[in-house]
Each structure stands twice: as C-alpha cells, then as structure tokens.
Student: 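Take a look at the following structure, please.
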Amino acid sequence: MVSAEAGVRCYKWDVKYEFKSPDCYKKLAITINRKTSGPTILARQGDTVIVEVTNGLVTENLVIHWHRIRQPGTYLYHAHYGMQREAGLYGSIRVLLPDGVAEPFTYDYDRSIILNDWYHASTYEQAAGLSSIPFVWVEEPQSLLIQGKGKFDCSKLATPSSDPTACNTTNPECSPYVMTVVPGKTYRLRISSVTALSALGFQTEGHNMTIVEADGHYVEPIVVQNLFIYSGETYSVLIKIDQEPSRNYWITTNIVGRDATATTPPGLAILNYYPNHPKRVPPTDPPAGPIWNDTAPRLAQSVAIKARQGYVHTPPPKSDRVIVLLNTQNKIDGYTRWSVNNVSFTLPHTPYLTALKENLHHVFDQHPPPDRLHDFATYDIYRVVNNTNATSSNAIYRLKFNSTVDIILQNANTMTVNNSETHPWHLHGHDFWVLGYGTGKFDAENDPKNPPLRFVADNPGVWAFHCHIESHFYMGMGVVFEEGVEKVGKLPSEIMGCGETKAFKRP
Ligand SMILES: O=C1O[C@H]([C@@H](O)CO)C(O)=C1O
C-alpha cells in the first residue's frame with residue numbers, strides 16, 4: 001500500500017506470530033500483515049519511506065534492519081533481534097531511479113524473488129541449543145523457500161502427527177511459487193537471499209542469466225547458468241524468455257558450501273510460460289545444480305563480478321588503518337563460540353549509541369579488541385587450535401571519522417579436523433570496495449598493499465560487521481565499529497527503553 005503523495009511512501013505493518021505452513025509443515029512464523037515474506041517496499045530515489053510498525057509479538061521486542069540501503073537498486077529488510085529473522089520477518093526493498101534517469105540495461109518486466117532456508121524448530125529451541133552445554137547445532141534446514149514457498153516431504157517426519165493439518169502437502173500455502181512470463185520478453189529478476197545458514201545456487205532451467213546488479217551496484221554484465229548467492233546478498237539478473245514456449249520450466253535453488261544432500265531437498269518454483277497452465281509440472285527433471293563442495297566456481301563468480309564501467313567509484317589510494325580479523329571457532333568456559341581476534345562478540349544491555357552519546361562508559365567493555373593478533377603471522381589456519389585464551393566481550397573498534405579503513409578477513413579451520421566454513425560477512429552503514437580475494441593464509445607482512453576490503457568511515461554512528469549466518473552472529477562472529485558518534489544529532493526520547501538508557505527517557 002503506497003500512498004499517492006509524491007515523495008513520501010507510507011506503509012502500515014502489523015507484526016505478529018501466526019501458524020504458517022510455507023513448506024507444508026505447520027509452525028509459528030512471524031508475519032507482516034499476515035504474510036511471510038512480507039510486503040515489498042517500493043520507492044523512488046529520494047523518497048521518504050515511513051513504516052508504521054505495530055508490534056503484536058506480545059512477549060518480544062522487535063528490531064527491523066534496512067539491509068544495505070544506500071541508493072537505487074535491490075535491497076532487503078529483515079528482523080535483527082535475537083534470531084527473529086529466521087522466524088520469517090523479511091522482505092524486499094526496490095528503489096527506483098528518479099524520473100528521466102535511465103538504467104544501463106533494458107528489460108520489459110521487473111520481478112523480485114527472495115530465497116530462504118526454513119527450519120521446523122523454533123528460533124528459541126535453536127538459540128537455547130547453541131548456548132547450551134552440551135552444544136546443540138541447528139544442523140541443515142528442512143527445506144528451501146523460493147518467494148516464501150517450499151515443500152517438505154511429510155512422510156519424513158520423525159514423529160508423525162495425528163493432526164491432519166500439522167503437515168499437509170496438499171495445503172495451498174505450500175504450492176510452489178509460480179512466475180508467469182511472456183515468451184519473447186526480457187525479465188529483470190531481483191534475487192535476494194535471507195537464509196539463516198545456507199549458501200545457495202540458483203538456476204532458471206534452460207535459461208542463461210545475465211548478472212547486471214550486485215548489492216545495489218551496477219556490475220559489468222556476466223552470463224551464468226547458475227548464480228551463487230550468499231545470505232544477505234541481492235542480485236539482479238536479466239533473463240530472456242526464449243525457450244520452447246509450449247511448456248513450463250523449473251526455477252531451482254540448492255545448498256552449496258555445506259553437505260545438505262541427504263537432508264535438504266532443492267527448492268523448486270515454476271517458470272510458467274504464458275499461456276500454459278501455471279501449475280503444469282515441467283516435463284524434465286529439475287537441473288541438479290552445482291556440487292556442494294566444488295569451491296572453484298564460487299570463487300570464480302566472486303572474482304568475475306566487477307563494477308560497471310561508468311559507475312566505478314574509485315577507492316581512496318591508501319588506508320589509514322589496517323585491521324586483520326582472524327575468525328576462529330573456540331570453546332569459552334565450555335561453550336562453543338566463534339571469535340574474531342580471540343574476542344567472541346556479545347551485545348551489551350544498553351545500546352551502544354545511547355551509551356556513547358550519554359557517556360555511560362561502564363555499560364560496555366572499554367578495551368578495544370586488537371587490530372591484529374600478536375601471533376597472526378605464525379597462526380596455523382589449517383590446524384584445530386583450541387584458542388584457550390579467547391574471551392567473550394562487547395568491546396568495539398573506534399574509528400577516526402572520515403578515515404579509510406582496510407579489513408582483512410581471515411578464515412581458519414574450525415574445531416573439526418580438516419574443516420572450514422563459508423561466512424558471508426555483512427557491513428552495516430557503509431559501502432565498501434572488495435580489492436582482493438584469495439585462498440589460504442593472508443600474508444600481512446608481504447602484501448599489506450593489497451587488502452581485501454576498504455571502506456571510508458564517513459557515516460556517524462555505531463555499525464555492526466558480522467557473519468550473516470543467524471547462528472554464527474548469535475555465537476559471537478561479529479565486531480562493531482564506531483565513528484563520528486559526536487556528529488549524531490540528539491537521540492529521540494522514544495528510543496530510550498533498554499538497559500541504563502531508561503534514566504534518559506523524558507516523560
Ligand atoms: O557453528 C557451527 O557449529 C557447527 C559445528 O562446527 C560444530 O558442531 C557448524 O557446522 C557450525 O557452522
């Protein structure tokens with residue numbers, strides 16, 4: 001529901017828990033206006049978007065994060081409180097260009113598809129397992145959702161229910177998503193992923209896809225048969241509806257990076273060639289998708305994506321500070337945690353922004369985490385190292401306002417022998433340049449001029465940088481940056497509700 005008034009778009013959202021069966025299995029999900037995924041926010045560059053949210057979750061707070069929103073393009077919004085995103089609170093944001101400004105490519109129709117993985121256990125059970133001794137891992141998801149729809153095979157239920165609505169494969173709520181297309185036309189598909197855990201491959205059977213946008217930036221067009229997409233990413237691809245028109249085709253998604261072959265069937269949707277019946281099942285088997293442990297094509301896609309000529313924002317030639325972040329899995333007091341530079345992130349009770357503005361120095365750890373581990377140069381990333389000196393902390397990195405910061409992200413072996421994992425890192429509040437990728441150990445001594453990530457600390461505030469895997473952030477895989485907090489205007493009294501900020505709430 002977008003109001004007619006130019007420049008201001010108003011949405012009213014009622015958020016609550018409801019029983020939903022997006023993959024045929026009934027469970028509590030968080031809905032916006034009775035739906036998961038929620039409504040698409042549609043706006044033009046420069047518009048003001050007002051979302052009036054009514055929190056009907058009864059016993060829970062609610063935080064909505066406007067994921068990477070900076071300029072025209074394709075973005076996401078999702079819950080960012082505990083593990084709420086996983087319960088279904090997410091949707092697309094589509095920012096259109098101002099009138100009279102053209103995109104560097106053309107298409108006839110514009111569609112959004114959100115990909116997700118779906119668990120039958122509640123986020124509470126999962127969070128409790130992750131923070132228990134013994135540790136209970138969330139394991140692989142029960143299904144994959146394309147635009148909020150998946151299909152779980154009810155005969156696989158460990159404990160069958162006598163309730164016929166508990167898992168019902170004929171429930172229309174879990175009939176596959178159908179995208180109807182007109183032969184001869186070109187479609188822009190805005191594909192985003194909000195998965196809790198999974199890295200995905202995405203395919204439109206028999207149709208090449210031309211990647212033209214990544215995370216709100218135009219990229220040099222590249223043609224792929226499969227799009228790799230990690231949690232928190234958005235892409236636009238163009239597809240031409242140019243195949244044999246008397247049938248429908250599969251749209252598929254499958255898990256890569258983790259072995260889910262025995263646990264999670266591919267997500268399926270239907271590319272419906274008009275005027276074939278939308279429910280007509282394609283006559284072919286769905287494409288198998290990439291092999292889960294073949295990492296070379298994943299790295300190749302990342303390396304192939306380049307800013308589009310004419311839209312390149314040149315990075316500052318050098319940085320003021322280099323932060324080398326080593327990501328490890330450890331035990332802290334018997335709990336399984338993830339740590340960055342031996343610090344496992346925890347949130348303080350008092351929000352950082354108010355704590356910093358009101359000079360409440362005692363509400364979080366004032367000793368910043370290290371810019372680099374003193375033994376980084378000799379750290380063996382291929383070994384299971386127990387990191388017995390890792391600690392939990394809510395300390396943050398303070399950045400000089402307007403300074404240029406380089407980040408090296410170094411992955412390492414987990415606590416399992418010969419195992420490392422895929423981590424989609426997400427930076428709040430900034431665009432950044434990816435200046436390098438690589439496998440193996442970063443040689444900080446000999447290659448300091450070639451950092452993987454560069455950004456300018458020019459957005460006053462407090463910003464998280466974290467793994468977008470819901471359980472990994474919960475287990476401590478993140479850091480927080482502060483810059484220019486003194487430039488943030490007076491905070492509204494309405495946001496003073498948590499921890500020690502209550503004292504600042506004006507009547
Ligand atoms: O955080 C994680 O924990 C498990 C495993 O490492 C320990 O059970 C896993 O696969 C993760 O990604």
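Along the sequence shown, residues carry numbers from 1. Just the heavy atoms: all of them, side chains too, but no hydrogens, waters or symmetry mates, feed the values below. Every number for a ligand or one of its atoms is a count from 1 in the order of the listing. Keep in mind the model is a prediction, meaning the values are calculated, not measured.
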Student: Out of M477, Q329, E139, who is nearest to atom 5 (C) of ligand 1 when you count heavy atoms only?
Tutor: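 Looking at heavy atoms only, the winner is Q329.
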Student: R258 near ligand 1, heavy-atom distance under 4.0 Å?
Tutor: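 Yes, R258 has heavy atoms under 4.0 Å from ligand 1.
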Student: One thing to verify: whether E482 and R398 come together as a salt bridge, which I'm taking to mean a side-chain N less than 4.0 angstrom from a carboxylate O.
Tutor: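 Looking at R398 and E482, the cut-off is met.
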Student: Looking at F19, is K26 sitting on its ring face, NZ or CZ under 6.0 Å from the six-membered ring centre and within 45 degrees of the normal?
Tutor: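 Yes - K26 lies over the ring of F19, closer than 6.0 Å to its centre and within 45° of its axis.
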Student: What is the nearest protein non-hydrogen atom to atom 1 (O) of ligand 1, stated with its residue, atom name and distance?
Tutor: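 The answer is W338 NE1, 2.9 Å.
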Student: Kindly compute the distance separating CG (L89) from OH (Y81), expressed to the nearest 0.5 Å.
Tutor: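 If I round to the nearest 0.5 Å, the distance is 13.5 Å.
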Student: Closest by any non-hydrogen atom to atom 9 (C) of ligand 1: pick that one out of E421, H472, M475, R337.
Tutor: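 The residue whose heavy atom sits nearest atom 9 (C) of ligand 1 is E421.
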Student: Test ring-ring contact (aromatic ring centres under 6.0 Å, His included) on F473 and H466; report intermediate values, then the result.
Tutor: CA-CA 6 Å; F473 185 41; H466 65 92; 4.3 Å; yes
Student: Please examine the side chains of K20 and T36, heavy atoms only from C-beta on, and report whether any two atoms are closer than 4.5 Å.
Tutor: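 The answer is yes; the side chains approach within 4.5 Å.
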Student: For atom 2 (C) of ligand 1, what is the closest protein heavy atom, and at what distance to 0.1 Å?
Tutor: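 Going by distance alone, atom 2 (C) of ligand 1 is nearest to W137 CZ3, 3.3 Å.
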Student: Among all the protein's non-hydrogen atoms, which is closest to atom 8 (O) of ligand 1, and how far away is it?
Tutor: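 Protein heavy atom with the smallest distance to atom 8 (O) of ligand 1: F135 CE2, 3.5 Å.
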